[in-house]
Protein chains: 2
Amino acid sequence: MAITKAKLFNTSQKRTSELMKALGHPARIAIIELLAERETCICGDITDELPLAQSTVSQHLKALKKAGIIQGEIDGVRTCYCLSEEGIEDLNELFVPLIKNLTTATQKNCC
Amino acid sequence: MAITKAKLFNTSQKRTSELMKALGHPARIAIIELLAERETCICGDITDELPLAQSTVSQHLKALKKAGIIQGEIDGVRTCYCLSEEGIEDLNELFVPLIKNLTTATQKNCC
DNA sequence: ATCGTTTATCGTAAATTTACGATTAATATA
DNA sequence: TATATTAATCGTAAATTTACGATAAACGAT
């Protein structure tokens, strides 16, 4: 990737792909499912639920945080994680209409 | 990635992340938007619409095809591309409920 | 003050992704 | 038949991702 021409894609294309990329790993899907299931902040025990080393889980959490899908708040020695409104809103505003669009388009497809 | 423990994630987590990964690049979002917009097969001129070399676009098309999001049919010298029902169905069955789940969970969040 | 717990970060290795130009294969067209 | 067109593939380079263990930083408990 010598040259990045990313500037030539529009804002919503870039944001959408950023969100999708953040969700492009089974561990990160598992993490957000966990956070949704508990419906509350989870302090740390995410690592116990995943078949990955602590440092790797921490890296995945960082990726989700960077994309704005989750947020983490330090609480003593531990860190409490929960879903971030911002990212979920973006998923609803960007991705839900896109899927709907794709669905109707597919039905009118010639193949 | 010396060791892949992917077998320890469940099928829907793996399929969901596979779809997300395929959509994790602005060029590939642009491609599916193009295919949806035209509502018909597009023979080749996708390259003209993107700020990328022909070989790179071909690579992105291959990635979308591998994930089952688009399909391509050879038609003479050209190849006709369109959205694939299979992939769009999977997006509806796997991702739409997930977003809904995340949304209600976020509303009940403590942070 | 010391010790244990928790989690982020560092260093590192291997795999994958992204991008390009060049080439190839297949089909139209002149 | 020769030539142009289209699109996939090859070869390659650079960046990024994924994973791990080791370490460090911060806090709580003893």
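Chain naming here is simple, since letters A, B, ... match the order of the sequence lines and numbering starts at 1 in each. Predicted model only: the values in this text are computed from it and were never measured.
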Q. Could you give the distance from CD1 (B:Ile32) to CD (B:Glu37), rounded to the nearest 0.5 Å?
A.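 One finds 12.0 Å between CD1 of B:Ile32 and CD of B:Glu37.
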What's the [atom1]-[atom2] distance between [X] and [N], to the nearest Å?
X       : N      : atom1 : atom2 : value
B:Asp75 : D:dT5  : CG    : P     : 18 Å
B:Glu73 : C:dT27 : CD    : C1'   : 16 Å
A:Leu23 : D:dT17 : CG    : P     : 14 Å
A:Lys62 : D:dT18 : NZ    : P     : 13 Å
A:Lys66 : D:dT18 : NZ    : P     : 11 Å
B:Arg78 : C:dA25 : CZ    : C1'   : 17 Å
A:Leu61 : D:dT17 : CG    : P     : 16 Å
A:His60 : D:dT16 : NE2   : P     : 18 Å

Q | Footprint string (nucleotides 23-29 of chain D, 5' to 3'): B base within contact, S backbone only, - free, heavy atoms under 4.0 Å | A | ---BBS-
Q. So which of residues 43-50 of chain A are in contact with DNA chain C, with a heavy-atom cut-off of under 4.0 Å?
A. A:Cys43, A:Gly44
Q) Partners of B:Ala27 by side chain to side chain contact (heavy atoms under 4.5 Å, CB included), sequence neighbours excluded? A) A:Phe9, B:His25, B:Leu52, B:His60
**Q.** Partners passing side chain to side chain contact (heavy atoms under 4.5 Å, CB included) against B:Thr16 (at least two apart in sequence or in another chain)
**A.** A:Ile29, B:Met20, B:Leu94, B:Phe95, B:Leu98
From the set [options], return the single nucleotide nearest to any side-chain atom of [X].
X       : options                : value
B:Ser58 : D:dA19, D:dA8, C:dT18  : D:dA8
A:Ser55 : D:dA19, D:dG21, C:dA19 : D:dG21
A:Tyr81 : C:dA8, D:dT17, D:dA8   : C:dA8
A:Gln59 : C:dT16, D:dA19, C:dC10 : D:dA19

Q | Under the salt bridge (charged side-chain N to carboxylate O under 4.0 Å, His left out) test, residues paired with B:Glu49 that sit two or more places apart | A |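 Partners of B:Glu49 under the salt bridge (charged side-chain N to carboxylate O under 4.0 Å, His left out) test: B:Arg38.
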(Q) Holding to salt bridge (charged side-chain N to carboxylate O under 4.0 Å, His left out), I want the full list of residues that pass it with A:Glu33, two or more places apart in sequence or in another chain. (A) none
Counting only side-chain nitrogens and oxygens, does [X] get under 4.0 Å of the OP1 or OP2 atom of [N]?
X       : N      : value
B:Thr79 : D:dA8  : yes
B:Arg28 : C:dT18 : yes
A:His25 : D:dA19 : yes

(Q) Show the nearest heavy-atom pair for residues A:Leu64 and A:Ala22, with the distance to one decimal. (A) CD2-O, 3.7 Å
Q: Answer yes when B:Glu18 and B:Lys21 have at least one side-chain N-carboxylate O distance shorter than 4.0 Å, and no when they do not.
A: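 No salt bridge links B:Glu18 with B:Lys21.
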Q: With sequence neighbours left out, write down each residue that passes side chain to side chain donor-acceptor pair (under 3.5 Å) with B:Ser12, or none if nothing qualifies.
A: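 Expected list: B:Asn10.
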Q | Contacts of type side chain to side chain donor-acceptor pair (under 3.5 Å), residue B:Ser58, not counting sequence neighbours | A | none
Counting only pairs under 3.5 Å, give me each side-chain donor-acceptor contact of residues 65-88 of chain A, with atom names and distances, residues two or more places apart or in other chains.
unit_1, atom_1, unit_2, atom_2, d
A:Arg78, NH1, A:Cys43, O, 2.7
A:Ser84, OG, A:Gly68, O, 3.3
A:Ser84, OG, A:Glu86, N, 3.4

(Q) Using a 4.0 Å heavy-atom cut-off, does A:Lys21 contact any base of the nucleic acid, only the sugar-phosphate backbone, or nothing at all? (A)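 A:Lys21: backbone/sugar contact only, no base atoms under 4.0 Å.
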